[in-house]
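The structure appears right after this line, and notes come after that.
Since the structure is predicted, the reported quantities are computational estimates derived from the model, not experimental observations.
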Amino acid sequence: DAALIKKLITRTGSNGTSRRVIGEKLFMQNLKKFGKKLFTMSVVSMTVAWSVGLSAFVPAGAAAATCPELEAGDLFKVAGNAAVYLVNSQNKRMYFPTEAVYKSWYKDFSGITTIDMSCVDAYAAGGGVNFRPGSRLVKSFLSPSVYAVGPNNMKHKIDNEAQAVALYGANWPTLVTHLNDVFDSNYQVGAPLVGNTLHNGQLVKKAGESTVYYVWDNALKMVDGALPTQAVNDVRTVSATVFSSVSLSSGSVTAATIVN
């Protein structure tokens with residue numbers, strides 16, 4: 001086609017001018033035909049790619065990734081990415097917003113399964129993991145209110161400093177973590193704490209004694225066994241009055257269940 005177009009343009013004779021004009025017209029007609037043909041081929045190619053997916057054009061020799069079967073409670077990360085995720089009971093992935101949140105639940109980074117990015121779609125996004133109940137106090141950057149972290153992703157407002165000291169000790173300000181709005185929204189606001197009453201999720205011991213108790217169902221349950229490393233520093237020593245603010249249960253809990 002290119003040779004023919006060139007020939008049509010360059011041919012001359014006694015009426016060379018008219019021949020050149022005819023050649024130019026033919027050139028434009030052929031150019032339009034070529035453009036339409038190219039456009040049609042492009043549309044066809046794009047339609048095929050959209051219909052069968054670009055993965056259909058991956059070389060036959062490329063091996064598909066093997067995806068492990070993760071269960072509720074499993075931890076994973078994607079190859080080449082440092083973020084760690086937890087698989088929840090709904091088979092969704094939950095992210096840990098900070099290392100501090102992660103370490104309130106786990107002592108180290110062992111037991112994490114690395115998966116290929118092609119496996120991630122099996123686990124829909126399920127929000128973020130919050131601090132373990134009783135381990136930290138939280139507040140927004142935009143508000144002076146301080147909250148205790150309770151079970152079920154709830155946070156409970158602390159009324160005043162005296163209450164904070166009674167429940168979390170004189171060093172309570174060191175336990176406060178400031179949350180950006182995107183992470184603060186992972187918590188639901190529960191009922192404010194009432195007086196100097198212990199709340200569910202706390203690890204406590206009475207002043208002058210060594211036995212550790214876990215507050216659950218508004219009762220004190222003795223902890224059976226040594227606490228995991230990540231929970232040892234979360235035991236609050238409280239006065240006899242605060243200790244007796246909830247009933248003493250005859251039951252107990254195993255140390256391992258506190259971080260599960």
Side-chain angles (χ1 to χ4, degrees), residues 73 75 84 86 94-112 128-140 145-158 160-180 183-184 186-187 190 193 196-246 248-249 251-260:
L75 299 170
V84 178
L86 169 72
M94 300 184 69
Y95 67 88
F96 290 90
T98 64
E99 184 176 346
V101 172
Y102 178 89
K103 288 188 173 180
S104 73
W105 291 98
Y106 303 93
K107 65 178 181 178
D108 55 37
F109 290 94
S110 61
I112 299 174
V129 179
N130 294 326
F131 279 111
R132 178 168 48 80
S135 65
R136 297 292 187 280
L137 303 176
V138 296
K139 71 179 297 295
S140 166
S145 299
V146 176
Y147 295 82
V149 178
N152 302 316
N153 298 315
M154 303 291 286
K155 64 177 184 179
H156 306 272
K157 186 177 179 179
I158 295 177
N160 51 56
E161 184 175 0
Q163 187 182 52
V165 171
L167 299 178
Y168 281 88
N171 69 336
W172 69 269
T174 65
L175 301 175
V176 177
T177 295
H178 290 74
L179 303 175
N180 290 312
F183 301 139
D184 190 28
N186 289 329
Y187 296 85
L193 298 184
N196 295 338
T197 303
L198 297 171
H199 67 83
N200 289 336
Q202 280 190 284
L203 286 167
V204 299
K205 63 180 180 179
K206 186 192 296 186
E209 298 185 5
S210 59
T211 304
V212 177
Y213 294 84
Y214 185 57
V215 183
W216 194 254
D217 288 336
N218 300 313
L220 291 162
K221 297 179 182 292
M222 187 176 67
V223 176
D224 184 16
L227 285 171
T229 303
Q230 62 271 35
V232 169
N233 294 326
D234 297 332
V235 179
R236 315 301 171 198
T237 301
V238 298
S239 68
T241 301
V242 173
F243 186 82
S244 61
S245 63
V246 292
L248 185 61
S249 172
S252 63
V253 294
T254 61
T257 60
I258 294 171
V259 294
N260 290 333

For this session: Start with the C-alpha gap between Arg236 and Leu167, add the side-chain angles, then the distance that decides, and say whether side chain to side chain contact (heavy atoms under 4.5 Å, CB included) holds.
Result: CA-CA 7 Å; Arg236 315 301 171 198; Leu167 299 178; over 6 Å; no

Exercise. Please walk me through it: do Val235 and Val204 pass side chain to side chain contact (heavy atoms under 4.5 Å, CB included)?
Worked result: CA-CA 5 Å; Val235 179; Val204 299; 5.7 Å; no

Problem set entry | Spatial distance of atom OG (Ser239) from atom NZ (Lys206) [nearest 0.5 Å] | 10.0 Å

Exercise. Is there side-chain contact between Gln163 and Asn196, with at least one heavy-atom pair below 4.5 Å?
Worked result: yes

Exercise. Going from CD1 on Ile258 to CG on Leu203, what distance comes out if it is rounded to the nearest 0.5 angstrom?
Worked result: 4.5 Å

Seminar exercise, completed: Which of Asn186, Asp184, Val138 passes side chain to side chain contact (heavy atoms under 4.5 Å, CB included) with Asn130? Answer is Asn186

For this session: Give the minimum heavy-atom separation between Phe131 and Tyr187, together with the two atoms involved.
Result: N-OH, 3.2 Å

For this session: Answer yes or no: is there a side-chain heavy-atom contact under 4.5 Å between Ser249 and Lys221?
Result: yes

Exercise. Measuring from Lys107:NZ to Gln230:CD, what's the distance to the nearest 0.5 Å?
Worked result: 7.5 Å

For this session: Report yes if the side chains of Leu193 and Lys157 come closer than 4.5 Å at any heavy-atom pair, otherwise no.
Result: no

Seminar exercise, completed: Nearest heavy-atom contact between Tyr168 and His199 is OH-NE2, 2.6 Å

Problem set entry | OG1 on Thr197 to CG on Asn218, rounded to 0.5 Å | 9.0 Å

Exercise. Counting only heavy atoms not in Asn152, do more than 12 sit closer than 6.0 Å to its CG atom?
Worked result: no

Seminar exercise, completed: Note: Pro151 and Asn200 closest approach over all heavy atoms is CD-O, 3.4 Å

Problem set entry | Exercise: identify the closest heavy-atom pair between Leu227 and Val223 | CD2-CG1, 3.9 Å

Exercise. Between Leu198 and Val242, is any pair of side-chain heavy atoms under 4.5 Å apart?
Worked result: yes

Problem set entry | Atom pair CG/OG of Leu220 and Ser252 - distance to nearest 0.5 Å | 13.0 Å

Exercise. Are Asp224 and Val253 close enough that some pair of their side-chain heavy atoms sits under 4.5 Å apart?
Worked result: no

Exercise. Does Ser110 offer a backbone N or O that forms a donor-acceptor pair with the side chain of Asp108 under 3.5 Å?
Worked result: yes

For this session: Nearest 0.5 Å please: distance from the OH atom of Tyr214 over to the OG1 atom of Thr257.
Result: 7.0 Å

Problem set entry | 4.5 Å side-chain heavy-atom contact, Pro228 and Val259 | yes

Exercise. Got a donor-acceptor contact below 3.5 angstrom from the Ser104 side chain to the Arg132 backbone?
Worked result: yes

For this session: Go through the steps to decide whether Trp105 and Asn260 satisfy the test side chain to side chain contact (heavy atoms under 4.5 Å, CB included), and finish with yes or no.
Result: CA-CA 8 Å; Trp105 291 98; Asn260 290 333; over 6 Å; no

For this session: For the residue pair Tyr106 and Phe96, categorise the inter-ring angle as parallel (less than 30°), tilted (30 to 60°) or perpendicular (more than 60°).
Result: perpendicular

For this session: Search all heavy atoms of Asp234 against all heavy atoms of Arg136 and return the closest pair with its distance.
Result: OD1-NH1, 3.7 Å

Problem set entry | Side chains of Thr211 and Met222 in contact at under 4.5 Å (non-hydrogen atoms) | yes

Problem set entry | Glu209 side chain near Phe243 side chain, heavy-atom distance below 4.5 Å | no

Problem set entry | Geometric class of the Phe109/Tyr102 ring pair [parallel <30°, tilted 30-60°, perpendicular >60°] | parallel

Problem set entry | Check: Ala219 main-chain N/O paired with Asp217 side-chain donor or acceptor under 3.5 Å | no

